[in-house]
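A quick write-up on the structure given underneath.
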Amino acid sequence: MSKDRLVLYPRFMKLLLPYRKIWFLVLALSVSSSFLSLIIPFLSKEFIDTAIAKKDFHVFIIVAAIAGGIYLITELLNRFSYWLQRILKLKVNLALHKKVFKHLQGLSYGWFQDKSTGEHIFTINYDVDTVTEFITNSLPQLLSIVPRAAVIVGVVFYLNWKMALCGLILAPFLLVPAYFFGRLTERSYGKLVESSEGIMRYLQEVFSHIQLIKVWAAEKNSVRRFLKKIITNVRLTISCLKAEVVNGLTVEIMTKFIVGLITFYGGYLVIKQEMTLGSLTAIMVYLTQLVGLHSQFAEFMQTNISGTVSCGRLAQILDTKPQIPDS
C-alpha cells in the first residue's frame, strides 16, 4: 500500500465508529474462532500418542468429545460473526452512500460539467461498495491471520524446535510471489477500473443522445465505439487474470514443495525417534492451517488493492470544495 493511500485508511475507518459495538464484537468473534481452531491439531497429538498408541479407550472418548465440542462452538461463532459482519456492511454502506451523494449534491455546477453522469453512477455503485467491503473486512482478516500464524509457530516450536526452524527458513519464499504479483495486479486493476468507468460514461452518453444517433443514422459507429471499449476492458481483465493465475500457480507449486520438504524432514525425525508420530501429525495439521492462512493473506492483499484504489477515487471527490459555497 502506497503512503498516500495508507493515510486514507484511517480516514474511511472512521465510518465504523457509530457501529463500533458491532465491529468490536465481530473482531472478538473472529479472533476467538481462530484460536479455538488451533486446539484441534494439538488434540490430534494426544489422540495418536496416548489414545491409540497406548490403546486407552477412555482417553479416546474424551479427546473425541472435546474435539467435537470445539468444532461445534467454532462453527457457531463463525456463523454468528458472518451474520453480524453482513449487518455491519449494510449499515456502513448506507452511511457511505449518504456521505458521497450529499457531497456530490453540494458541489458547484461547473464541477459536473467536467464529468459525465456515467462516472458519478459508477462511483456511487462500484467505489462505495468496494470501500465498504475493504474497511469492514480488512482488520478482521488481519487479526485472524497474524496472531493465528504467530501462535502456530509458537506451538510448533514447543512440539519440535527443529521442525519449526525448518519451516521458518522456508516460509519467506512464499511471500515473494505475493509481493511481486501484488504490485503488478495493483497497476492492472487501476487501469481496469478506469476502463469500466469509461464504459459506463459512454453508455450514459449514448442513451442520453439516442435521438441524435437515430436522426444521423449513427448506430453502426456507436456500436463500433462501444465494442472497442469492451475489447479494451476484456484485455485489461485478461491481464489481471494472467497475474492472478500465474501468482496462484507459483504459490501452489512453492507451497507443495516446501510442505513436502518439511514432511520429509519430519519423517526422518520420527524414524530417528527424535519425535513422536503424534507430534508429526499435529505439526502437519498446523502447517496445513498455515498454508490456509497464506491463501487468506492473498485474498486480503486482493481486497487491499481494490479497496485502496477505490478509497483514492472517493477521496478525490470528497476533497473537492464547491467553487461557490452556499451562504
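What you see is a predicted model; the values in this text were computed from it and never measured. Counting from 1, the numbers follow the sequence of the chain as shown.
- A side-chain donor from one of Gln85 and Asn137 sits under 3.5 Å from a side-chain acceptor of the other.
- Linking ILVMFWY side-chain heavy atoms closer than 4.5 Å, directly or via other members, places Val259 and Met254 in a single hydrophobic cluster.
- Within the 3.5 Å criterion, the main-chain N or O of Asn78 finds no donor-acceptor partner in the side chain of Ser81.
- Interatomic distance, Tyr158 OH to Phe42 CZ, rounded to the nearest 0.5 Å: 5.0 Å.
- Leu236 approaches Lys191 most closely through the heavy-atom pair CD1-O, 3.5 Å.
- Clustering ILVMFWY residues whenever any of their side-chain heavy atoms sit less than 4.5 angstrom apart, transitively, puts Phe57 in the very cluster that holds Leu43.
- Side chains of Ser195 and Arg235: no donor on one and acceptor on the other come within 3.5 Å.
- Ion pair Arg11/Asp319 flagged as a salt bridge, since at least one NZ, NE, NH1 or NH2 atom sits closer than 4.0 Å to an Asp/Glu carboxylate oxygen.
- A donor-acceptor pair under 3.5 Å links the side-chain atoms of Arg20 to the main chain of Leu17, judged by distance alone.
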Before you tell me yes or no, could you show the steps for Val270 and Thr276 under side chain to side chain contact (heavy atoms under 4.5 Å, CB included), namely the whole-Å CA-CA distance, both residues' side-chain angles and the distance that decides it to 0.1 Å? CA-CA 6 Å; Val270 172; Thr276 64; over 6 Å; no
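- Interatomic distance, Ser33 OG to Leu76 CG, rounded to the nearest 0.5 Å: 11.0 Å.
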Check the pair Ile22, Lys91 against side chain to side chain contact (heavy atoms under 4.5 Å, CB included), reporting the backbone distance first and the verdict last. CA-CA 10 Å; Ile22 300 177; Lys91 291 179 178 293; 4.0 Å; yes
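- In the hydrophobic clustering of this structure, Ile70 groups with Phe35; members are Ile, Leu, Val, Met, Phe, Trp, Tyr whose side-chain heavy atoms approach within less than 4.5 Å, directly or through other members.
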Derivation and outcome, side chain to side chain contact (heavy atoms under 4.5 Å, CB included), residues Thr136 and Val26: CA-CA 10 Å; Thr136 54; Val26 168; over 6 Å; no
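- Here the side chains of Val285 and Ile40 are not in contact, with every heavy-atom distance at 4.5 Å or above.
- Atom CD1 in Ile283 sits 10.5 Å away from atom OH in Tyr265 (nearest 0.5 Å).
- For the residue pair Asn160 / Ser279, no side-chain donor-acceptor distance below 3.5 Å is found, with atom types taken as modelled.
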One pair to check against side chain to side chain contact (heavy atoms under 4.5 Å, CB included): Leu15 and Phe12. What are the steps and the verdict? CA-CA 6 Å; Leu15 291 166; Phe12 284 96; 4.3 Å; yes
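- Nearest heavy atoms, Asn233 versus Ser196: ND2-OG, 3.1 Å.
- Residues Tyr202 and Ile230 share a single hydrophobic cluster, defined by chaining ILVMFWY side chains whose heavy atoms lie under 4.5 Å apart.
- Residues Ile135 and Trp23 share a closest heavy-atom pair of O-NE1, 4.5 Å.
- In this structure, Leu159 CG and Leu280 CG are separated by 10.5 Å, a value rounded to the nearest 0.5 Å.
- Looking at heavy atoms from C-beta onward, Val131 lies out of side-chain contact with Val92 at the 4.5 angstrom threshold.
- Contact record, Val128 with Leu96: O-CD2, 3.7 Å, taken as the closest heavy-atom pair.
- Rounding to the nearest 0.5 angstrom, the gap separating the NZ atom in Lys45 from the CG atom in Leu277 is 11.0 Å.
- For the residue pair Gly266 and Met275, the shortest heavy atom distance occurs at O-CE, 3.6 Å.
- For the residue pair Asn304/Ser138, the side-chain donor-acceptor check at 3.5 Å is not satisfied.
- Here the side chain of His103 pairs no donor or acceptor atom with the backbone of Lys98 at under 3.5 angstrom.
- Atom-to-atom distance recorded for Thr320:OG1 and Gln316:CD is 7.5 Å, nearest 0.5 angstrom.
- No chain of hydrophobic side-chain contacts below 4.5 Å, direct or via other Ile, Leu, Val, Met, Phe, Trp or Tyr residues, connects Leu168 to Val151.
- When all heavy atoms of Leu38 and Tyr286 are compared, the pair lying nearest together is O-OH, 2.7 Å.
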